[in-house]
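Encoded as structure tokens, the structure appears first; notes follow it.
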Amino acid sequence: MQIEETKGRFGFHFSAGDDDARPSAAFVQIYVKSSAMSRAADLPISPHLMTAAEIDRFVDDAILALEALRNDAKSALAMGLP
């Protein structure tokens, strides 16, 4: 079974199955849209996440990194303003 879900700029792909074409263990992988023209999230930004704890850890780390990036970007922009 495979599921691809996109919400806004982000999404996930879910894979599970037991035949040769699919992995035997279920996992999700977090994706982001690679461009403004993308209709679906198509660029993987996480490894295969196999537990709820792994998903939580990945998303929590991403939120912290984005918050730091937000602050740095605002500071950089403020330095460029007259």
Side-chain angles (χ1 to χ4, degrees):
M1 173 196 301
Q2 293 192 341
I3 298 170
E4 295 181 11
E5 180 84 27
T6 299
K7 294 184 187 238
R9 296 180 185 146
F10 300 94
F12 70 89
H13 295 186
F14 167 81
S15 293
D18 57 1
D19 62 15
D20 291 337
R22 295 189 185 132
S24 59
F27 69 87
V28 297
Q29 192 167 20
I30 307 296
Y31 282 70
V32 65
K33 288 184 178 180
S34 60
S35 75
M37 301 301 290
S38 297
R39 291 182 179 206
D42 56 354
L43 179 66
I45 60 172
S46 81
H48 292 174
L49 305 169
M50 301 175 89
T51 67
E54 288 178 342
I55 294 168
D56 286 342
R57 191 169 27 260
F58 179 82
V59 172
D60 290 346
D61 289 349
I63 290 169
L64 289 173
L66 285 169
E67 287 290 344
L69 183 65
R70 176 201 324 233
N71 293 334
D72 292 348
K74 285 180 178 180
S75 294
L77 188 58
M79 289 189 307
L81 296 175

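Not measured: the values here are computed from a predicted model. No hydrogens, no waters, no symmetry mates; every other heavy atom, side chains included, goes into these values.
Rounding to the nearest 0.5 angstrom, the gap separating the CG atom in Asp42 from the OG atom in Ser35 is 7.0 Å. Interatomic distance, Phe12 CZ to Leu49 CG, rounded to the nearest 0.5 Å: 11.5 Å. Between Lys7 atom NZ and Glu5 atom CD the span is 4.5 Å, to the nearest 0.5 Å. Between atom CG of residue Asp72 and atom CG of residue Leu77 there is a gap of 12.5 Å, rounded to the nearest 0.5 Å.
Under a hydrophobic clustering in which Ile, Leu, Val, Met, Phe, Trp and Tyr are joined whenever their side-chain heavy atoms come within less than 4.5 Å, directly or via other members, Tyr31 and Ile63 fall into different clusters. When hydrophobic clusters are built by joining Ile, Leu, Val, Met, Phe, Trp and Tyr residues whose side-chain heavy atoms come closer than 4.5 Å, directly or via intermediates, Ile3 is grouped together with Phe58.
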query = For Glu54 and Arg57, what are the C-alpha separation, side-chain angles and deciding distance, and is it a salt bridge (Lys or Arg N to Asp or Glu O under 4.0 Å)?
reply = CA-CA 5 Å; Glu54 288 178 342; Arg57 191 169 27 260; 5.1 Å; no

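Closest heavy-atom contact between Ala40 and Lys33: O-CG, 3.7 Å. Closest approach of Ala16 to Ala26, counting heavy atoms only: CB-CB, 3.7 Å.
When atom types are taken as modelled, the side chain of Ser46 and the backbone of Ile30 share a donor-acceptor pair closer than 3.5 angstrom. Between the Thr6 side chain and the Gly11 main chain, no donor and acceptor come within less than 3.5 Å of each other.
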